[in-house]
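All figures in this text were calculated on a predicted structure; none of them were measured in a lab.
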Amino acid sequence: PTLRESLRILESQGVLELRPGPRGGIMVKKPSIDILAHGLSVFLRLHDVPFIAVLKAREVIEPALASEAALNGTEEDFDQLEQSIERMNEIKDQQAFIDENRVFHSIIARASGNKVMETFWSTISILAHGEHHGVRYSSGNQQHVIEAHKAILKAFRKRDSKAAAATMEAHVTELEH
């Protein structure tokens with residue numbers, strides 16, 4: 001491709017921004033996680049990887065993140081998790097509950113302190129978001145999720161990485177089966 005075509009390709013991939021005008025030019029951007037998730041989604045589809053493999057990957061990643069978050073998370077991270085649980089207790093709307101559940105898990109990913117694992121989780125989370133289409137959480141199911149989140153937070157506050165990983169593993173695997 002020509003230089004112009006190459007720049008357009010990089011712009012479409014979210015790596016560059018082409019600004020016209022006297023103060024314009026070629027600006028390097030940080031691509032969003034959505035760009036990575038889209039590329040991975042295309043790759044997985046073209047390689048006939050079933051959707052269940054995405055969910056299985058999450059079952060491996062989330063306990064590892066929980067283990068790291070127990071060791072590396074700050075009290076502020078744990079306070080944010082507690083606030084997320086409190087918000088979940090108040091939510092009646094299905095989509096709001098699903099969204100807050102993602103907030104809870106994203107706080108854990110960030111609290112792990114492992115940017116590579118956090119990036120993997122964010123990407124997998126976007127891909128796995130499809131699992132929630134049509135899913136309804138009864139009030140009993142919502143309470144079960146909240147109790148699991150409380151148990152995970154309890155392990156974090158004790159800095160017990162093994163209990164955090166085991167509790168998270170039980171939580172994410174029960175959701176998939």
Side-chain angles (χ1 to χ4, degrees), residues 14-15 17 27-41 54-133 135-176:
V15 177
E17 180 180 353
M27 310 302 282
V28 176
K29 289 176 45 178
K30 290 182 181 179
S32 74
I33 198 72
D34 293 324
I35 298 290
L36 180 60
H38 176 74
L40 181 59
S41 176
V54 172
L55 301 180
K56 292 287 184 192
R58 196 176 83 190
E59 289 177 8
V60 172
I61 291 169
E62 294 230 34
L65 286 169
S67 175
E68 292 294 313
L71 299 174
N72 300 323
T74 64
E75 287 304 315
E76 182 180 338
D77 293 326
F78 301 158
D79 290 345
Q80 289 175 4
L81 290 168
E82 191 168 350
Q83 291 164 10
S84 176
I85 292 168
E86 289 169 5
R87 287 189 300 270
M88 289 183 99
N89 263 320
E90 302 300 317
I91 292 173
K92 304 296 182 229
D93 176 70
Q94 290 288 314
Q95 189 57 51
F97 187 85
I98 290 167
D99 292 344
E100 190 60 43
N101 187 49
R102 286 184 73 186
V103 167
F104 181 88
H105 288 268
S106 69
I107 295 167
I108 292 171
R110 187 191 69 240
S112 75
N114 185 324
K115 285 302 279 181
V116 174
M117 290 293 289
E118 180 183 358
T119 301
F120 287 166
W121 180 85
S122 297
T123 305
I124 294 293
S125 175
I126 290 167
L127 297 180
H129 189 64
E131 79 178 285
H132 295 299
H133 294 298
V135 170
R136 305 283 304 162
Y137 284 100
S138 68
S139 59
N141 291 80
Q142 286 182 354
Q143 200 55 47
H144 188 72
V145 168
I146 290 166
E147 292 306 316
H149 287 189
K150 286 179 181 177
I152 292 164
L153 178 57
K154 182 178 179 183
F156 288 165
R157 291 215 187 262
K158 289 181 178 179
R159 300 291 181 177
D160 187 341
S161 63
K162 287 183 175 153
T167 306
M168 179 63 81
E169 182 177 8
H171 173 52
V172 295
T173 56
E174 76 184 357
L175 294 177
E176 310 307 346

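Counted by atom type alone, Q83 and D79 present zero donor-acceptor pairs between their side chains at under 3.5 Å. Side chains of S125 and R58: no donor on one and acceptor on the other come within 3.5 Å.
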Do H171 and H144 pass the ring pair (Phe, Tyr, Trp, His ring centres under 6.0 Å) test, and can you show the C-alpha distance, the side-chain angles, and the key distance before you say yes or no?
-> CA-CA 9 Å; H171 173 52; H144 188 72; 7.9 Å; no

Between N89 and Q142, does a side chain to side chain contact (heavy atoms under 4.5 Å, CB included) hold up when you go through it step by step?
-> CA-CA 8 Å; N89 263 320; Q142 286 182 354; over 6 Å; no

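L127 contributes atom CG, which lies 8.5 Å from atom CG of L36 (distance to the nearest 0.5 angstrom). From I91, atom CD1 reaches atom CD of E86 across 12.0 Å, with rounding to the nearest 0.5 Å. Atom NZ of K30 is separated from atom CD1 of I35 by 15.5 Å, given to the nearest 0.5 angstrom. Taking CD from E82 and CG from L153, the interatomic distance works out to 6.0 Å, rounded to the nearest 0.5 Å. Here the CG atom belonging to L71 is positioned 12.0 Å from the CG atom belonging to N114, to the nearest 0.5 angstrom. Taken from CD1 in I124 to CG in L40, the straight-line distance is 6.0 Å, to the nearest 0.5 Å.
Taking all atoms of both residues into account, the shortest heavy-atom contact from V15 to P31 is CG2-CG, 4.4 Å. Minimum heavy-atom separation, M117 to A64: CE-CB, 3.8 Å. Taking each heavy atom of A164 and A70 in turn, the nearest pair found is CB-CB, 3.9 Å. Considering every non-hydrogen atom in both M168 and A66, the closest pair reads CB-CB, 3.7 Å. Between I33 and T123 the shortest heavy-atom distance is CD1-OG1, 3.5 Å. The two residues T167 and A148 make their nearest non-hydrogen contact at CG2-O, 4.2 Å.
Side-chain contact check for I126 versus H38: every heavy-atom pair is 4.5 Å or farther apart. Side-chain contact check for L65 versus F120: every heavy-atom pair is 4.5 Å or farther apart. Between H105 and H149 there is a side-chain heavy-atom pair separated by less than 4.5 Å. Contact annotation: the side chain of K150 approaches that of I85 to within less than 4.5 Å [non-hydrogen atoms, C-beta and beyond]. Counting heavy atoms from C-beta on, the side chains of E62 and I108 never come closer than 4.5 Å. With contacts defined as side-chain heavy-atom distances shorter than 4.5 Å, the pair S112/W121 does not qualify.
Within 6.0 Å of the CZ atom in F104, the count of heavy atoms belonging to other residues, nucleotides or ligands exceeds 12.
Between the side chain of S41 and the backbone N or O of A37 there is no donor-acceptor pair closer than 3.5 Å. No donor-acceptor pair under 3.5 Å is formed between the side chain of S67 and the backbone N or O of P63. Side-chain atoms of S84 do not come within 3.5 Å of backbone N or O of Q80 as any donor-acceptor pair.
Salt-bridge formation is detected for the pair R157/E75: a Lys NZ or Arg NE/NH1/NH2 atom is positioned less than 4.0 Å from an Asp or Glu carboxylate oxygen. Contact check on E100 versus R87 returns a salt bridge, with a Lys/Arg side-chain nitrogen under 4.0 Å from an Asp/Glu carboxylate oxygen.
Between F78 and F156, the ring planes lie parallel to each other; the angle is under 30°, not in the 30° to 60° tilted range.
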